[in-house]
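Have a look at the structure below before the remarks.
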Amino acid sequence: MPSPLILVNLKNYTEGTGNRAHLIANAAQLVAHESGVIIGVAPTYIDLHPISHHFSVPVYAQHVDGSEPGAHTGQITADALRVAGATGSLINHSERRLTLAEIDAAVKALKVKGLVSVICTNNESTSAAAAALGPDYVAIEPPELIGSGVSVSKANPAIIRNSVAAVHAVNPNVKVLTGAGIQSGECVKIARDLGTDGVLLASSVVKSKEPGVVLRDLVSKL
Ligand code: G3P
């Protein structure tokens with residue numbers, strides 16, 4: 001069975017920027033090596049190239065635009081992400097929502113460059129709609145639980161189970177992540193047992209004084 005993906009979104013937390021981004025990527029690399037679990041990080045654009053250059057972990061952008069390279073000031077192209085060493089990108093995160101057309105264009109742009117697409121969604125129906133666009137992953141995150149310290153795995157297992165079913169009914173090849181409040185190995189195990197291919201998380205790792213300790217706990221029941 002392939003390893004699940006533990007994807008740590010560093011957002012724009014002070015504790016996930018600059019030297020701290022390096023510290024978290026280093027911890028991710030170490031724990032991934034020890035456990036055999038794939039642990040990716042999604043740093044700010046500023047930190048993306050240094051992190052991909054210095055560490056052997058999958059590096060994701062937090063957003064990508066569907067634009068071609070060229071005269072598009074301020075846009076983040078899939079081509080620039082590929083050159084910077086990214087593995088893929090989040091799309092439509094709860095804190096960076098897009099139109100359906102923009103999500104579609106972003107998925108296509110990543111595909112052309114051979115990069116992995118992770119569309120974030122907020123419920124079962126948007127998860128099904130996202131699956132119809134053919135991304136690599138759909139990541140279901142109930143917005144009310146994001147950053148709350150209350151785990152989706154425990155507070156709303158039904159949304160995970162139903163989203164996995166909704167996504168696979170549309171396209172069985174699309175993998176499913178879940179996130180919001182994920183903080184322990186138990187949360188990850190519940191998510192896996194409900195049929196997901198991993199988790200998307202942020203604050204429990206990024207804000208920890210010892211990210212490596214939290215990461216070790218996250219993979220402990222896999
Ligand atoms: O992108 C992951 C995120 O939205 C979940 O955040 O802090 O609840 O793990 P958090």
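Note that ligands are numbered from 1 as they come in the structure, with each ligand's atoms numbered from 1 the same way.
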Problem set entry | Side chains of H49 and D47, donor plus acceptor under 3.5 Å | no

Exercise. Are H22 and F55 close enough that their ring centres sit under 6.0 Å apart?
Worked result: yes

Seminar exercise, completed: Counting from 1 in the order shown, the ligand 1 atoms closer than 4.0 Å to a non-hydrogen atom of L200 are 1 (O), 2 (C)

Exercise. Would you say S204 contacts ligand 1, with heavy atoms under 4.0 Å as the rule?
Worked result: no

Seminar exercise, completed: atom 1 (O) of ligand 1 has as its nearest protein heavy atom H93 NE2, 2.8 Å

For this session: Could you tell me which atoms of ligand 1, counted from 1 in the order shown, lie closer than 4.0 angstrom to a heavy atom of G147?
Result: 7 (O), 8 (O), 10 (P)

Exercise. What pairs with E124 under side-chain hydrogen bond (donor to acceptor under 3.5 Å, both in side chains), at least two apart in sequence or on another chain?
Worked result: N162

For this session: Check whether V199 and V206 end up in the same hydrophobic cluster, where Ile, Leu, Val, Met, Phe, Trp and Tyr are linked by side-chain heavy atoms less than 4.5 Å apart.
Result: yes

For this session: Could you list which atoms of ligand 1 come closer than 4.0 Å to a heavy atom of N9?
Result: 1 (O)

Exercise. Is there a heavy atom in A180 that sits closer than 4.0 Å to ligand 1?
Worked result: yes

Exercise. So which protein heavy atom does atom 7 (O) of ligand 1 come closest to, and at what separation?
Worked result: S203 OG, 2.5 Å

For this session: Under the side-chain hydrogen bond (donor to acceptor under 3.5 Å, both in side chains) rule, collect the residues that match up with T87, sequence neighbours excluded.
Result: none

For this session: Tell me yes or no: between the side chains of D136 and S117, is some donor less than 3.5 Å from an acceptor?
Result: yes

Exercise. Are the charged groups of E186 and K221 less than 4.0 angstrom apart, N to O?
Worked result: no

Exercise. Looking at ligand 1, does Q183 have a heavy atom less than 4.0 Å from it?
Worked result: no

Problem set entry | Salt bridge D79-K113, side-chain N to carboxylate O under 4.0 Å | yes

Exercise. Below 4.0 Å from any atom of ligand 1, is there a heavy atom belonging to G179?
Worked result: no

Exercise. To which protein heavy atom is atom 9 (O) of ligand 1 closest, and what is the distance rounded to 0.1 Å?
Worked result: A202 N, 2.8 Å

Problem set entry | Top protein contact for atom 2 (C) of ligand 1, by heavy-atom distance | E141 OE2, 3.0 Å

Seminar exercise, completed: Numbered in order shown, the ligand 1 atoms found under 4.0 Å of a heavy atom of G181 are 8 (O), 9 (O), 10 (P)

